[in-house]
Amino acid sequence: MEVTGGFKIEEIEDTPALEEFYKSQGAFKEGFIRFQPGGCVLPRCFTRIHDSIQNFAVREDDIWISSFPKCGTTWTQEMVWNIVNNLDYETAKKVSLEDRVPFLELTGLLEERFFDVAEAESKISGTGLVNSVQQSAAISSPSRILKTHLPVELLPPHVLTKAKLIYVTRNPKDAVVSLFNHWRIMDKYEGTFDVFFDAFVADVAGYYCPFNSNVLGYWNIRDQDNVLFITYEEMKKDLQAVIRKVCKFLEKEYTDVQISELATHLDFKSMKNNPAVNKEDVLKAFEDMTRGSSSTAAKDGKFMRKGETGDWKNKLSEEQNRRIEEWVEKHTQGTDLRYTYTI
Ligand code: PPS
(Lines give C-alpha, C1' and ligand atoms only; values in the text may rest on other atoms or scores of the structure.)
Protein backbone atom coordinates (compact mmCIF):
# COMPACT_ATOMS: atom_id res chain seq x y z
CA MET A 1 0.00 0.00 0.00
CA GLU A 2 1.37 3.44 -0.90
CA VAL A 3 1.13 6.21 1.73
CA THR A 4 2.12 9.89 2.10
CA GLY A 5 5.63 10.77 1.01
CA GLY A 6 5.83 7.96 -1.53
CA PHE A 7 6.37 5.31 1.16
CA LYS A 8 5.09 1.77 0.84
CA ILE A 9 3.77 -0.26 3.72
CA GLU A 10 4.37 -3.98 3.45
CA GLU A 11 3.56 -7.02 5.57
CA ILE A 12 6.51 -8.60 7.37
CA GLU A 13 7.36 -12.13 6.34
CA ASP A 14 6.01 -14.50 8.96
CA THR A 15 9.11 -16.16 10.46
CA PRO A 16 9.35 -18.15 13.75
CA ALA A 17 11.25 -15.21 15.33
CA LEU A 18 8.40 -12.82 14.57
CA GLU A 19 5.68 -15.29 15.51
CA GLU A 20 7.22 -16.08 18.92
CA PHE A 21 7.82 -12.39 19.63
CA TYR A 22 4.28 -11.48 18.61
CA LYS A 23 2.80 -14.15 20.92
CA SER A 24 4.93 -12.93 23.84
CA GLN A 25 3.69 -9.35 23.95
CA GLY A 26 0.29 -7.85 24.67
CA ALA A 27 0.58 -4.26 23.48
CA PHE A 28 0.19 -4.75 19.74
CA LYS A 29 -2.70 -7.01 18.83
CA GLU A 30 -2.85 -5.55 15.31
CA GLY A 31 0.72 -6.67 14.64
CA PHE A 32 3.59 -4.99 12.86
CA ILE A 33 4.36 -3.70 9.36
CA ARG A 34 7.42 -2.52 7.46
CA PHE A 35 7.96 0.84 5.77
CA GLN A 36 9.82 0.98 2.45
CA PRO A 37 12.22 2.36 1.50
CA GLY A 38 14.35 1.82 4.59
CA GLY A 39 12.64 -1.29 5.94
CA CYS A 40 11.71 0.19 9.33
CA VAL A 41 9.42 -2.05 11.41
CA LEU A 42 6.60 -0.30 13.24
CA PRO A 43 3.34 -1.37 14.86
CA ARG A 44 0.49 -1.30 12.35
CA CYS A 45 -1.20 1.42 14.45
CA PHE A 46 1.64 3.80 13.55
CA THR A 47 0.13 4.13 10.05
CA ARG A 48 -2.62 6.27 11.68
CA ILE A 49 -0.17 9.12 12.30
CA HIS A 50 2.31 8.68 9.42
CA ASP A 51 0.51 11.34 7.42
CA SER A 52 0.59 13.93 10.23
CA ILE A 53 4.30 13.26 10.72
CA GLN A 54 5.05 13.75 7.04
CA ASN A 55 3.12 17.04 7.20
CA PHE A 56 4.69 18.19 10.48
CA ALA A 57 5.96 21.78 10.27
CA VAL A 58 9.66 21.86 11.11
CA ARG A 59 11.11 25.17 12.32
CA GLU A 60 14.60 26.54 11.71
CA ASP A 61 15.32 26.94 15.40
CA ASP A 62 14.15 23.42 16.27
CA ILE A 63 16.49 21.03 18.01
CA TRP A 64 15.74 17.36 17.34
CA ILE A 65 17.03 14.47 19.44
CA SER A 66 16.96 11.15 17.67
CA SER A 67 18.02 7.63 18.61
CA PHE A 68 17.12 3.97 18.45
CA PRO A 69 15.19 3.27 21.69
CA LYS A 70 17.25 2.65 24.84
CA CYS A 71 20.42 4.30 23.57
CA GLY A 72 20.52 7.30 25.93
CA THR A 73 17.61 9.38 24.63
CA THR A 74 16.30 10.53 28.02
CA TRP A 75 19.79 11.34 29.23
CA THR A 76 20.42 13.43 26.09
CA GLN A 77 17.00 15.12 26.33
CA GLU A 78 17.71 16.27 29.88
CA MET A 79 21.20 17.45 28.95
CA VAL A 80 20.02 19.39 25.90
CA TRP A 81 16.99 20.94 27.62
CA ASN A 82 19.18 22.30 30.41
CA ILE A 83 21.87 23.58 28.05
CA VAL A 84 19.26 25.40 25.97
CA ASN A 85 17.33 26.72 28.97
CA ASN A 86 20.20 28.36 30.84
CA LEU A 87 20.52 25.54 33.38
CA ASP A 88 17.08 26.16 34.86
CA TYR A 89 17.19 23.21 37.28
CA GLU A 90 14.17 24.47 39.18
CA THR A 91 11.90 24.01 36.14
CA ALA A 92 13.76 20.85 35.12
CA LYS A 93 12.87 19.26 38.45
CA LYS A 94 9.29 20.52 38.45
CA VAL A 95 8.05 19.96 34.89
CA SER A 96 8.01 16.47 33.39
CA LEU A 97 10.52 15.87 30.61
CA GLU A 98 7.59 14.50 28.56
CA ASP A 99 6.22 18.07 28.59
CA ARG A 100 9.52 19.84 28.03
CA VAL A 101 10.75 17.59 25.20
CA PRO A 102 7.78 15.74 23.67
CA PHE A 103 8.14 12.41 21.90
CA LEU A 104 6.82 13.22 18.42
CA GLU A 105 5.37 9.85 17.40
CA LEU A 106 4.35 8.43 20.79
CA THR A 107 0.64 8.33 19.88
CA GLY A 108 1.50 6.15 16.89
CA LEU A 109 2.77 3.47 19.25
CA LEU A 110 -0.63 3.04 20.89
CA GLU A 111 -3.44 0.97 19.45
CA GLU A 112 -6.81 2.68 19.27
CA ARG A 113 -8.36 0.31 21.82
CA PHE A 114 -6.31 2.09 24.52
CA PHE A 115 -7.59 5.50 23.58
CA ASP A 116 -10.63 5.90 25.80
CA VAL A 117 -8.49 5.19 28.82
CA ALA A 118 -5.73 7.37 27.41
CA GLU A 119 -8.16 10.29 27.28
CA ALA A 120 -8.74 9.89 30.98
CA GLU A 121 -5.08 9.38 31.64
CA SER A 122 -4.12 12.46 29.69
CA LYS A 123 -4.87 14.23 32.91
CA ILE A 124 -1.51 12.87 34.00
CA SER A 125 0.61 15.73 32.90
CA GLY A 126 2.61 15.50 29.75
CA THR A 127 2.46 11.88 28.71
CA GLY A 128 1.46 12.94 25.20
CA LEU A 129 -0.55 9.77 24.88
CA VAL A 130 -3.56 11.24 23.14
CA ASN A 131 -1.90 13.34 20.48
CA SER A 132 1.85 13.62 20.67
CA VAL A 133 2.08 15.25 17.22
CA GLN A 134 -0.24 18.05 18.33
CA GLN A 135 1.63 18.31 21.63
CA SER A 136 4.91 18.67 19.71
CA ALA A 137 3.46 21.31 17.37
CA ALA A 138 2.25 23.32 20.36
CA ILE A 139 5.72 23.80 21.87
CA SER A 140 6.76 27.39 21.34
CA SER A 141 9.88 28.73 19.68
CA PRO A 142 12.66 29.60 19.98
CA SER A 143 14.46 26.38 20.67
CA ARG A 144 11.71 23.84 20.62
CA ILE A 145 13.28 20.48 21.47
CA LEU A 146 11.68 17.28 20.18
CA LYS A 147 12.41 13.59 20.59
CA THR A 148 12.01 10.93 17.91
CA HIS A 149 13.18 7.38 17.24
CA LEU A 150 12.38 7.54 13.54
CA PRO A 151 15.06 6.55 11.03
CA VAL A 152 16.31 9.38 8.77
CA GLU A 153 14.04 8.44 5.90
CA LEU A 154 10.85 8.65 8.01
CA LEU A 155 11.62 12.02 9.64
CA PRO A 156 9.29 14.87 8.75
CA PRO A 157 10.65 16.53 5.60
CA HIS A 158 13.10 19.40 6.29
CA VAL A 159 14.38 18.24 9.69
CA LEU A 160 17.77 17.60 8.13
CA THR A 161 17.82 20.77 6.06
CA LYS A 162 16.29 23.26 8.50
CA ALA A 163 16.83 22.18 12.10
CA LYS A 164 19.68 21.02 14.33
CA LEU A 165 19.71 17.32 15.17
CA ILE A 166 21.57 15.34 17.82
CA TYR A 167 21.67 11.57 17.38
CA VAL A 168 22.70 9.34 20.26
CA THR A 169 23.58 5.68 19.91
CA ARG A 170 24.71 2.86 22.18
CA ASN A 171 26.20 -0.56 21.52
CA PRO A 172 23.48 -3.01 20.49
CA LYS A 173 24.40 -5.61 23.14
CA ASP A 174 23.50 -3.21 25.97
CA ALA A 175 20.63 -1.81 23.91
CA VAL A 176 18.93 -5.20 23.50
CA VAL A 177 19.16 -5.90 27.25
CA SER A 178 17.68 -2.49 28.04
CA LEU A 179 15.02 -2.86 25.34
CA PHE A 180 13.95 -6.22 26.80
CA ASN A 181 13.36 -4.47 30.15
CA HIS A 182 11.46 -1.71 28.33
CA TRP A 183 9.10 -4.14 26.60
CA ARG A 184 8.46 -5.89 29.91
CA ILE A 185 7.55 -2.69 31.74
CA MET A 186 5.85 -0.78 28.90
CA ASP A 187 4.54 -3.20 26.31
CA LYS A 188 3.34 -6.20 28.28
CA TYR A 189 6.10 -8.46 27.02
CA GLU A 190 5.97 -11.67 29.02
CA GLY A 191 8.22 -13.93 26.96
CA THR A 192 11.80 -14.96 27.57
CA PHE A 193 14.92 -12.95 26.85
CA ASP A 194 15.89 -15.59 24.26
CA VAL A 195 12.74 -14.99 22.21
CA PHE A 196 13.25 -11.24 22.47
CA PHE A 197 16.89 -11.53 21.42
CA ASP A 198 15.97 -13.68 18.39
CA ALA A 199 13.47 -11.06 17.23
CA PHE A 200 16.02 -8.26 17.74
CA VAL A 201 18.71 -9.90 15.61
CA ALA A 202 16.07 -10.92 13.05
CA ASP A 203 15.34 -7.15 12.85
CA VAL A 204 11.65 -7.57 13.67
CA ALA A 205 11.43 -6.71 17.39
CA GLY A 206 8.32 -4.52 17.39
CA TYR A 207 9.41 -1.00 16.63
CA TYR A 208 12.24 0.87 14.87
CA CYS A 209 14.20 -2.25 13.87
CA PRO A 210 16.55 -2.81 12.08
CA PHE A 211 18.87 -1.34 14.73
CA ASN A 212 21.92 -1.03 12.45
CA SER A 213 20.01 0.79 9.68
CA ASN A 214 18.68 3.32 12.18
CA VAL A 215 22.23 4.08 13.36
CA LEU A 216 23.81 4.02 9.90
CA GLY A 217 21.25 6.42 8.46
CA TYR A 218 22.49 9.08 10.91
CA TRP A 219 26.13 7.94 10.89
CA ASN A 220 26.24 8.65 7.16
CA ILE A 221 25.23 12.29 7.68
CA ARG A 222 27.24 12.93 10.85
CA ASP A 223 29.52 15.44 9.10
CA GLN A 224 26.66 17.79 8.24
CA ASP A 225 27.04 21.07 10.18
CA ASN A 226 23.54 20.76 11.64
CA VAL A 227 24.05 17.17 12.86
CA LEU A 228 25.86 15.98 15.99
CA PHE A 229 26.45 12.26 16.55
CA ILE A 230 27.19 11.18 20.13
CA THR A 231 27.25 7.88 22.02
CA TYR A 232 26.03 6.60 25.38
CA GLU A 233 29.49 5.18 26.04
CA GLU A 234 31.15 8.58 25.49
CA MET A 235 28.70 10.04 28.01
CA LYS A 236 29.50 7.30 30.53
CA LYS A 237 33.23 7.80 30.06
CA ASP A 238 33.43 11.58 30.12
CA LEU A 239 30.08 13.33 30.49
CA GLN A 240 31.62 16.77 30.85
CA ALA A 241 33.42 16.39 27.51
CA VAL A 242 30.11 15.52 25.81
CA ILE A 243 28.38 18.46 27.53
CA ARG A 244 31.08 20.76 26.11
CA LYS A 245 30.65 19.29 22.65
CA VAL A 246 26.87 19.78 22.78
CA CYS A 247 27.29 23.35 24.12
CA LYS A 248 29.54 24.17 21.17
CA PHE A 249 27.06 22.64 18.73
CA LEU A 250 24.20 24.65 20.25
CA GLU A 251 26.32 27.79 20.58
CA LYS A 252 25.94 28.07 24.35
CA GLU A 253 28.73 28.96 26.77
CA TYR A 254 29.03 27.89 30.39
CA THR A 255 31.80 28.05 32.98
CA ASP A 256 33.67 24.97 34.19
CA VAL A 257 31.70 25.11 37.45
CA GLN A 258 28.38 25.23 35.60
CA ILE A 259 29.39 22.28 33.44
CA SER A 260 30.38 20.30 36.48
CA GLU A 261 27.02 21.13 38.13
CA LEU A 262 25.16 20.00 35.02
CA ALA A 263 27.10 16.73 35.03
CA THR A 264 25.99 16.20 38.64
CA HIS A 265 22.37 16.92 37.70
CA LEU A 266 22.68 14.34 34.89
CA ASP A 267 24.27 11.66 37.04
CA PHE A 268 22.38 8.33 36.92
CA LYS A 269 21.48 8.36 40.64
CA SER A 270 20.28 11.91 40.42
CA MET A 271 18.12 11.21 37.37
CA LYS A 272 16.80 7.96 38.86
CA ASN A 273 15.56 9.92 41.88
CA ASN A 274 14.15 12.82 39.87
CA PRO A 275 10.41 12.28 39.25
CA ALA A 276 10.49 14.76 36.36
CA VAL A 277 12.72 12.46 34.32
CA ASN A 278 12.54 8.93 35.72
CA LYS A 279 9.31 8.18 33.79
CA GLU A 280 7.35 6.88 36.76
CA ASP A 281 4.50 9.07 35.41
CA VAL A 282 4.63 7.38 31.99
CA LEU A 283 4.79 3.91 33.54
CA LYS A 284 1.80 4.74 35.70
CA ALA A 285 -0.16 6.00 32.67
CA PHE A 286 0.64 2.84 30.70
CA GLU A 287 -0.31 0.66 33.63
CA ASP A 288 -3.64 2.48 34.05
CA MET A 289 -4.33 2.38 30.33
CA THR A 290 -3.94 -1.34 30.22
CA ARG A 291 -6.09 -1.56 33.34
CA GLY A 292 -3.45 -2.90 35.65
CA SER A 293 -3.10 -6.22 33.88
CA SER A 294 0.71 -6.34 33.78
CA SER A 295 2.71 -9.08 35.45
CA THR A 296 4.34 -8.46 38.83
CA ALA A 297 7.76 -8.36 37.17
CA ALA A 298 6.54 -5.62 34.87
CA LYS A 299 5.05 -3.65 37.75
CA ASP A 300 8.27 -3.84 39.75
CA GLY A 301 10.44 -2.85 36.78
CA LYS A 302 12.07 0.55 36.53
CA PHE A 303 12.80 2.70 33.47
CA MET A 304 16.03 3.85 35.14
CA ARG A 305 17.29 0.28 35.41
CA LYS A 306 21.11 0.08 35.72
CA GLY A 307 22.57 2.84 33.59
CA GLU A 308 25.76 0.95 32.83
CA THR A 309 27.92 -0.02 29.89
CA GLY A 310 28.77 -3.72 29.69
CA ASP A 311 25.72 -5.12 31.51
CA TRP A 312 25.23 -7.33 28.43
CA LYS A 313 27.94 -9.59 29.90
CA ASN A 314 25.45 -10.57 32.62
CA LYS A 315 22.68 -11.40 30.17
CA LEU A 316 23.92 -12.66 26.79
CA SER A 317 24.98 -16.30 26.43
CA GLU A 318 28.20 -17.05 24.55
CA GLU A 319 26.15 -18.11 21.58
CA GLN A 320 24.05 -14.94 21.64
CA ASN A 321 27.23 -12.90 21.88
CA ARG A 322 28.62 -14.65 18.80
CA ARG A 323 25.35 -14.19 16.89
CA ILE A 324 25.02 -10.49 17.66
CA GLU A 325 28.65 -9.91 16.62
CA GLU A 326 28.04 -11.69 13.31
CA TRP A 327 24.87 -9.63 12.83
CA VAL A 328 26.75 -6.36 13.46
CA GLU A 329 29.52 -7.45 11.10
CA LYS A 330 27.02 -8.33 8.39
CA HIS A 331 25.04 -5.11 8.61
CA THR A 332 27.90 -2.63 9.09
CA GLN A 333 30.26 -4.18 6.55
CA GLY A 334 31.90 -1.63 4.30
CA THR A 335 31.24 1.21 6.75
CA ASP A 336 33.51 2.71 9.42
CA LEU A 337 30.86 2.53 12.15
CA ARG A 338 32.21 0.76 15.28
CA TYR A 339 30.29 0.23 18.53
CA THR A 340 31.92 0.42 21.98
CA TYR A 341 31.08 -2.58 24.18
CA THR A 342 33.17 -1.84 27.25
CA ILE A 343 34.64 1.34 28.67
S1 PPS B 1 13.85 5.42 25.59
O2 PPS B 1 12.72 4.66 26.14
O3 PPS B 1 14.16 4.98 24.24
O4 PPS B 1 13.65 6.86 25.66
O5 PPS B 1 15.09 5.01 26.50
P6 PPS B 1 16.48 5.77 26.58
O7 PPS B 1 16.35 6.97 27.42
O8 PPS B 1 17.05 5.91 25.22
O9 PPS B 1 17.39 4.71 27.30
C10 PPS B 1 17.15 4.26 28.62
C11 PPS B 1 18.47 3.73 29.13
O12 PPS B 1 19.30 4.84 29.49
C13 PPS B 1 19.65 4.74 30.87
N14 PPS B 1 19.83 6.06 31.45
C15 PPS B 1 20.99 6.49 31.95
N16 PPS B 1 22.20 5.90 32.01
C17 PPS B 1 23.19 6.58 32.62
N18 PPS B 1 23.04 7.81 33.18
C19 PPS B 1 21.84 8.45 33.12
N20 PPS B 1 21.69 9.64 33.67
C21 PPS B 1 20.74 7.78 32.47
N22 PPS B 1 19.45 8.09 32.27
C23 PPS B 1 18.90 7.02 31.65
C24 PPS B 1 18.47 3.97 31.46
O25 PPS B 1 18.79 3.46 32.72
C26 PPS B 1 18.30 2.90 30.38
O27 PPS B 1 19.37 1.96 30.35
P28 PPS B 1 19.43 0.58 31.17
O29 PPS B 1 20.62 -0.14 30.63
O30 PPS B 1 18.16 -0.14 30.90
O31 PPS B 1 19.60 0.97 32.60
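Just so you know, ligand 1 is whichever comes first in the structure, and atom 1 is the first atom listed for that ligand. Keep in mind the model is a prediction, meaning the values are calculated, not measured.
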- Against heavy atoms of Gly307, which atoms of ligand 1 measure under 4.0 Å? 16 (N), 17 (C), 25 (O), 28 (P), 31 (O)

- Message: Are Phe200 and Trp183 an aromatic pair, judged by ring center distance below 6.0 Å?
- Response: no

- Message: Return the closest protein heavy atom for atom 4 (O) of ligand 1 as residue, atom name and distance.
- Response: Lys147 NZ, 3.1 Å

- Answer with side chain, backbone, both or neither: which part of Arg305 has a heavy atom less than 4.0 angstrom from an atom of ligand 1? both

- Task: Please work out whether any backbone atom (N, CA, C, O) or any side-chain heavy atom from C-beta onward of Leu266 is under 4.0 Å from ligand 1, and answer side chain, backbone, both or neither.
- Result: backbone

- Considering heavy atoms of the protein only, find what lies nearest to atom 7 (O) of ligand 1 and give residue, atom and distance to 0.1 Å. Thr74 OG1, 2.5 Å

- Is the closest heavy atom of Arg170 to ligand 1 under 4.0 Å? yes

- Query: Salt bridge check: are Lys23 and Glu190 linked by an N-O gap of less than 4.0 Å?
  - Reply: no

- For atom 30 (O) of ligand 1, find the nearest protein heavy atom and state the residue, atom name and distance (0.1 Å precision). Ser178 OG, 2.7 Å

- Note on the structure: At under 4.0 Å between heavy atoms, what of Lys272 touches ligand 1? The answer is neither

- Any chance you could lay out the side chain to side chain donor-acceptor pair (under 3.5 Å) test for Glu105 and Thr148, step after step, and finish with the verdict? CA-CA 7 Å; Glu105 70 272 19; Thr148 183; 2.9 Å; yes

- Would Cys71 count as a contact of ligand 1 if the rule is a heavy atom under 4.0 Å away? yes

- Query: Will you find, in the side chains of Trp64 and Asp62, an N or O donor that is under 3.5 Å from an N or O acceptor?
  - Reply: yes

- Item | Mutual orientation of the aromatic rings belonging to His265 and Tyr89 [parallel < 30°, tilted 30-60°, perpendicular > 60°] | tilted

- Query: In the protein, what heavy atom is nearest to atom 8 (O) of ligand 1, and what distance, to one decimal place, separates them?
  - Reply: Thr73 OG1, 2.4 Å

- Val133 and Phe7: same hydrophobic cluster, using ILVMFWY side-chain contacts below 4.5 Å? yes

- Message: Heavy-atom pairs closer than 4.0 Å: do any link ligand 1 to the side chain of His149, the backbone, both, or neither?
- Response: side chain

- Query: Do the ring planes of Phe21 and Phe32 sit parallel (below 30°), tilted (30 to 60°) or perpendicular (above 60°)?
  - Reply: tilted

- Please could you name the atoms of ligand 1 that Met304 approaches to less than 4.0 Å, counting only its heavy atoms? 22 (N), 23 (C), 25 (O)

- Query: Side chain, backbone, both or neither: which part of Met235 has a heavy atom under 4.0 Å from ligand 1?
  - Reply: neither

- Item | Distance-only side-chain donor-acceptor flag, Asp88 / Thr91, under 3.5 Å | yes

- Provide, to 0.1 Å, the distance between atom 24 (C) of ligand 1 and the closest protein heavy atom, together with that atom's residue and name. Phe303 O, 3.9 Å

- Verify the ring-centre separation between His149 and Phe68: is it less than 6.0 angstrom? no

- Looking at Lys269, Lys70, Lys236, the heavy atom closest to atom 2 (O) of ligand 1 belongs to Lys70

- Item | Contact atoms of ligand 1, heavy-atom distance to Gly72 under 4.0 Å | 6 (P), 8 (O), 9 (O)

- side-chain contact (heavy atoms from CB on, under 4.5 Å) evaluation trace for Asp256 with Arg244: CA-CA 9 Å; Asp256 290 351; Arg244 283 175 210 281; 3.3 Å; yes

- Query: Against heavy atoms of His182, which atoms of ligand 1 measure under 4.0 Å?
  - Reply: 2 (O)

- Query: Which of the numbered atoms in ligand 1 are below 4.0 angstrom from a heavy atom of Pro69?
  - Reply: 3 (O)

- Task: Establish, yes or no, whether a centroid distance under 6.0 Å links the rings of Tyr189 and His182.
- Result: no

- Query: Centroid-to-centroid, His331 to Phe211, below 6.0 Å?
  - Reply: no

- Which segment of Tyr232 sits under 4.0 Å of ligand 1 when only heavy atoms are counted: side chain

